Structure formats: C-alpha cells, structure tokens
Amino acid sequence: MSTNSQTQGQEEVLQVMGMTCAACVRRIEGALSKVTGVQAASVNLITEKATVRFDRSLTSMAALEQAIVKAGYGVAPQAPAEKEVPANQLSQLEATERTEHEQLKRDTIVAALLAVPLLVLGMSHGAIPGADGPVGRVVQLLLATPLVFGPGRRFLALAWKVTLHGAADMNTLVALGALSAWGWSTVAVLLPQLFPHAEHGHRPHIFFEAVVVIAFVLAGKMLEARARRRLSDAVRGLLSRLPPEATRLVDGIESKVKVSSLQAGDVVLVRPGESVPADGDVLQGSSAVDEAMLTGEGLPVEKRPGDQVFGGTVNAHGALTVKLIRTGAHTALSRIVQAVESAQGSRAPISRLADRVSAIFVPVVLGIALVTFGVWWALDPTAAGLATAMQHLVAVLVIACPCALGLATPAAVAVGTGRGAELGVLVKGGEVLESLSRVQTVLLDKTGTVTSGKPTLTDVVALGDEAALLRRVVAVEKLSEHPVAKAVVEGAEARLKERVPAAQGDFFNEPGAGVEAAGIRIGTRGWLELAGIDPTPLEAQAEELASRGRTPSFVGDVPSRTLLGLVAVMDSPVPEARAVIDALKTLGLEVALVTGDRRRTAQAVAKELGISRVEAEVKPEGKAAVVAKVKAQGRVVAMVGDGINDAPALAASDVGIAIGTGTDVAAATADVVLLRGGISALPRAIGLARATLRNIRQNLFWAFVYNVAGIPLAAGALVPLFGLELSPVFASAAMSLSSLSVLTNALRLRRFAAVQSK
C-alpha cells in the first residue's frame, strides 16, 4: 500500500474471492468505479486482487468491500499494511490458496466419480445392454443430478448472483449449458409422454453426458489454481527469506519474539546462520552477510558497526547486534514484494482488445445459442430435431466460455514479471513491459551506469601550494555524498597523510555543475564563471586530462574570484559495459551516452565502449530535454541511470530504468529497476519484455482462433458441408483445454534466461 497526495488519493489492495473469468474483472471494476470518491480501479484475474485509488474523505474501505460484495463476490480480510509483514502475507497467501485448492480438489474428485460412469453410459450408443433402456436412463439421471447440484452448485450460485445484477459471464454459460441438458433429459426420463411419438415406443433423446461439462471445468479450475500458485513463486521465494522469530534484546536480556511484533528502534541479535528479521544498522559485531537476494552478488558482504543490513539476508558467521530502522511493509524486501505484486496485477495496453471483445462476448454467445436452437428446430420440428437443436445450443454455450481470452494477457504479465524478479529485473507493470519491448533508443548515463561509479583521484594541478589546495578541496567535498566527492576526499587524504575536518557553514550543491562551501567553489568551467572566476589559465590542462578519460573539476576562491587549481578523477567503465553495448546493438537498438561530464571525457569513454552518439555536459533537467528531443523523432526511448540524479530524464522517457540495490527500490520512481548485475542485466530485461509481449500475442491469437473456429463448429454450421459437429462433452473438454493451453504457454516464460533477438 502506498499513500499519495490528497489530489492523487490513497491506494489500497483488496483480495477478491469468487472471480472466474474476464467478465468478473469488468464487473468488479465497474462496481468499484461507481463508488463516490474512487479515482481508479484495476482488477487482476490471476492475482485475484483489486487495486483501488480513492479519496478517503469521500469513501472508505468498508464502502469498497460492500461494492464488491454487492457485485456478487467476496473480500478476504487483510491486516493493516503498516503492521503487516511479509511473513504474515505469506501465511495468508498460502492459507487462501490451500483452501481454494482443497475445495476444488474435493469437488473435482466427486465430479469425476459421477462423470466417468455417466460418460460410459451416455456415449455407449447401445454397446452396453440396457444403457438406453428405462433402468439405464434412471441410472444416468441419478448420476447427473448430484453432479449438477453438488460440485456444480458453485457455477449455479455464481450465475444466479450475476443474473441478479443484470449481467452474464462464464458461469452463466456453464450453468445454462448444464441445466438445459439436465432439464431436458430429466423431463424425457420422468415424463416421456410429453414428447411426440412417445406413444409409439420412441424414447425421447437424452444427453445427460453433457452435464459432464461441470467436471471438465472443475478440472480446468484446479489446474488453473496450481498454475496461479506457480505464478506467485517469485514472490513466495522472497517472502520465505524472513525468519518466523527473532531474538530481541531489552537491557541485555534476550527473548524470542514473532517477527511481526518487531518495531523500528528495537535491538535484535542475529546469530551465525540466521536471517536478518528486518532492516537495520549494525551496533556491535562484525560478520559477512549474504545479500544475493537483493544484489545478486555471490560473495557475502562484510558488515561492521554503522553498516546497514536488510531483512531476509543471511548472516554468515559472526554474531551481529542490530538496531532496526524499518520493519513490516517498510523494509526493502517488502517493498520489492509489493512492487512485484503490483506489476503482476497490472495490464498491458495490448489487453484492451481482449477487454473490448470480452465485454460483448457473453451476450453475443447467448444470442448465437438461441439462434442456433431456433434454426435447427425449424429445420426439423420433430422430437428428434428438438433434441438436436438442444444439443447444439448446449455445445455453443459450453465451448464459448471466454476463460482463455481473459487469461491471455494477465497470465503472461504475471509470469514475465515474476521471472524478472527471479532474474533481478523488477518491472513495474504490464504497460511497462509492453513499452520496454518496443524500445528503439537506449540513453545511458555514464557515472554508475556504464562506469563503476567508484572514481579515484588521479591528478592535482595547483596554482599555488598543492597541500593547501587539497585541504580546502577536502573540507568542501566532505559535505557532499556524491561518489566523485568521496573519491576526491579519499585520494586527497591519502596524499596528505592526514584527516581534514569538514568546512563549517552553508553547503550548496548545483546538480550537474558543482558545489560550494566556505567560499570555495568546485566544479565545471561554467560553474566558476558564474562566480566571476576565470578558469582559462587551466583550460588546456583540463582538456588534455579529459581527452584521457579523466573528469577535471576547477577550484576557485569566490570572495577573491581567484582560480586556485583543478583536481581530476577517473571512473573506469565496468568490465561488462562493452559486451552490454554490443548486445543492445544486436537487439537492433540505438545506443547513446548522456552525461553531465565534460565532452572530452565522455567521448573518451564512449569510444572505448563503441558508442558513437554522445550528449555531454548536460545537467539533470537537460537530460530530460535530450529524452524529449529523441522522442520527438518518433523513437521509443529508454533512459538508464542511477535513479537519483537522473530522475527528470527517467520520468520523461517512455521507460525509465534505474540501476540500484534493494534500498533503491523503496524510493525509486523508475519503471524498471535492475536489482543485480548492474548494466549487464539490461539486455536481459529488454529480452524478457520482448518474450513476454510475444507470449501475449500468441495467447490472444490462439484464444481468438479457438472461439472463432469453435463456436461455428458447436453450432453445427459445418454439418451440411462436411458432416462435422461438436457434442457438448467434447466442447466442454476443448473449453477447459483452451484455458490450460494459455496458462501453459505463459508458464514457458519461467524458462527465460538468454537474451532474445528481434
């Protein structure tokens, strides 16, 4: 859950129960949208969650839940987000899935026990003696009735609720198909005299076997439930990292407590081999902590007092005393889980076509079924013709269930984003996946993206005493958190062999230009010129250093407007950068370097990496302008940066991609976060997006083809030409298999590993 501004409203997530198809999604979204104060509502069939943004001053959670209940569905209770921890989320998720699966399994077993003998008798066509006689017909009635009103009661109840709201969905089709077949056949068995020719010994046709649709649909639902469980494996894997209990220290006394009871400010003891229960700072002890779940780094990270540790990471050897700073839903792990679930619950724009078709699909199918019945009965107004007409009506109702169409997009998005999380690529939604798959131009920031982000001090040019220059520079740069500032401080103090105190007074930072404190200004040529300091005497040296890949910064005294010298650092490209650039080109992408660094420095790095287009000396807001310029050329643009200084460009691009660890995820505004592997994960992210979109297209294609081909076949349109028709039994099997095929195709994305080509 995230709380936004009053204008944007508050966002809440509700766990919905009872959804079965795309029509359910539309109905719940419509019901929520009608609630006063609701600004947006999105429902996902796969995750069975409704995400609602609303104005809390105009409505409440109770009103939202009531709207869902009135629409004919249920709402699972949830703990308040600020108290809920991933462990609780996991137990609730598992409990819900277990209950659903056990109920489906029980109903499916009962349905199968009734359906198998019913199918044998109904489709024997005289092969079994007495199967079509009075006793055989009664036996079929005794098998079909508990099947319809036992395991099939869920479809009847849901269809009735939907009908009361003046709508229709998949349950309507299943219920109508089963009831019409059962009703016709029951009357034919109990009151055969109502049918013409019965007095001449002609038994009216029955087709109790058609109600076996219930068994097929239940089996399909059970398989879907298993598939949904697999879809949540990525989130489940993250949630399982947290321990159920922690050792809390109060005045030196240890006590075992539930992780859910921990609060910020608590002090906990993490022994060797234990998982860290929440985010915090190390107070005592030293150890190596396995942070692979967040960073992907294979080697444990050394931790000492003052270092931060994250919930779910594993302490390797030494004991650590940790003061918690974030617990529950505020931890890095929980934020990642929320982001993944939010992404799985979102839709790609490509799904709009399926939404439009599904919105009118059920009413159209009902119309086709009635027309089919009327045409066949008109062609043969006898009792046999009436039975044939009823059979085609049931087949149309059964085969037309739009499950496959409704599952096509959300299944692929859920698997794609889940697989991305496993690979360290956090994609925030279906729309982002689709945009990422269509990217044509990739704009790369330099520092921390294609370079290590850990520059070192390489050169010092002083117009006076070098030691004095370094002391003044260090005093100012100690006030900055920028990687370049830290590099200058470390390198300068190493040369001075002494620690220099930070400057006193106000500190000013101009992003992309430089810093100033205690009357000393450090930064670009333009930054010093704004203070009336002429950098010309050292411009030649600066250019020469830049040509060798260094980043020079001028140093000047503001009160006296005097140039003091310059310092230069070098940030080498990461080893994998060249391979990444080559991979992006192989994917058919245009690559450009966009940086606030000097042009000569940027060009030197670009040349080493094989990048021909360079935009240098660009301020953060200028990067956004570069993005806008490329977009104006009709290109789909992805901006890749550190998610902080590049925020304007990340927001302006079609897809903003941030490189960071789990802590960055909590505050990142980027659309995609590369959690591990740095820039090396970029081609993988784009390949995954393309593979997911291909999967969606495949799912939609086969879902549409299935319905386009299946309905005419069930209606008997091919009988006059080829003698081909589809019985209700085979129609129900085909309907279930279509949904399963869509889910199976989506699950293929779980095997995605390599970069995909165009």
Side-chain angles (χ1 to χ4, degrees), residues 441-459 482-485 487-488 510-515 522-529 535 538-554 566-582 584-585 589-630 637-650 652-653 657-659 678-679 682:
T441 299
V442 177
L443 304 180
L444 299 169
D445 176 48
K446 183 177 76 69
T447 304
T449 302
V450 298
T451 62
S452 64
K454 298 178 180 179
T456 56
L457 180 66
T458 56
D459 301 270
H482 196 281
V484 170
V488 170
E510 178 65 24
V515 295
I522 307 170
T524 64
R525 175 188 180 117
W527 178 234
L528 267 69
E529 288 177 337
L538 294 177
E539 185 63 33
Q541 289 95 320
E543 288 294 330
E544 191 275 331
L545 290 170
S547 68
R548 292 190 285 125
R550 269 71 165 167
T551 300
S553 296
F554 293 97
L566 64 80
V567 292
V569 298
M570 183 175 182
D571 185 13
S572 302
V574 293
E576 64 271 17
R578 182 59 190 255
V580 168
I581 304 303
D582 292 341
L584 293 176
K585 291 179 178 179
L589 300 171
E590 176 190 15
V591 183
L593 191 67
V594 183
T595 177
D597 212 340
R598 295 173 63 89
R599 180 165 300 278
R600 295 289 295 276
T601 303
Q603 287 176 336
V605 173
K607 182 178 181 181
E608 183 178 348
L609 297 178
I611 300 175
S612 57
R613 180 175 177 180
V614 178
E615 300 281 350
E617 300 178 9
V618 181
K619 292 185 178 181
E621 60 272 21
K623 292 182 181 180
V626 172
V627 171
K629 181 174 69 174
V630 178
V637 180
M639 176 68 200
V640 187
D642 61 12
I644 303 171
N645 293 331
D646 300 305
L650 292 172
S653 60
I657 303 175
I659 295 176
I679 194 176
L682 180 57

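Every value quoted in this text rests on a predicted model; they were computed, and no experiment measured them. Atom set for the values below is all heavy atoms of this structure, side chains included, hydrogens, waters and symmetry mates excluded.
- Listed by chain and number, the residues in a salt bridge (charged side-chain N to carboxylate O under 4.0 Å, His left out) with Glu529 are Arg525 (sequence neighbours excluded).
- Listed for the Lys585 side chain is a donor-acceptor partner under 3.5 Å among the backbone atoms of Gly610.
- Taking 4.5 Å as the limit, some side-chain heavy atom of Asp459 sits within range of a side-chain heavy atom of Arg548.
- Note: Asp445 CG to Leu593 CG = 7.5 Å, rounded to the nearest 0.5 Å.
- Not one N or O on the side chain of Arg550 forms a donor-acceptor pair closer than 3.5 Å with the backbone of Val569.
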Checking Ile522 against Val488 for the side-chain contact (heavy atoms from CB on, under 4.5 Å) test, could you report, in this order, the C-alpha distance in whole Å, the side-chain angles of both residues, the deciding distance, and whether it holds? CA-CA 11 Å; Ile522 307 170; Val488 170; over 6 Å; no
Should Lys446 and Thr551 be marked as a side-chain contact (heavy atoms from CB on, under 4.5 Å) after you check the CA-CA gap, both sets of side-chain angles, and the distance that decides it?
CA-CA 12 Å; Lys446 183 177 76 69; Thr551 300; 4.3 Å; yes
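- Of the listed residues (Leu566, Thr458, Leu538), just one forms a side chain to side chain contact (heavy atoms under 4.5 Å, CB included) with Leu545, and that residue is Leu566.
- A pairwise comparison of heavy atoms in Val614 and Ala602 identifies CG1-CB, 3.7 Å as the closest pair.
- Contact between Arg578 and Lys607 at its shortest, heavy atoms only, is NH1-O, 4.5 Å.
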Margin query: Using the rule given for side-chain contact (heavy atoms from CB on, under 4.5 Å), can you reason through Val591 versus Leu609, listing the C-alpha separation, both sets of side-chain angles and the distance that settles it, and then say yes or no?
Written below: CA-CA 11 Å; Val591 183; Leu609 297 178; over 6 Å; no
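- Just one residue in the list Ile611, Ile679, Leu589 forms a side chain to side chain contact (heavy atoms under 4.5 Å, CB included) with Leu584, and that residue is Leu589.
- The CZ atom of Arg599 sits 7.0 Å away from the CD atom of Glu615 when rounded to the nearest 0.5 Å.
- Between Ala542 and Phe554 the shortest heavy-atom distance is CB-CZ, 3.7 Å.
- In this structure, the side chains of Val630 and Arg613 come closer than 4.5 Å at one or more pairs of heavy atoms.
- Using a 4.5 Å heavy-atom threshold, the side chains of Ile581 and Leu444 count as touching.
- Proximity of a side-chain donor or acceptor of Thr441 to a complementary backbone N or O of Glu590 within less than 3.5 Å is not detected.
- The two atoms that bring Pro573 and Val605 nearest to each other are CG-CG1, 4.2 Å, heavy atoms only.
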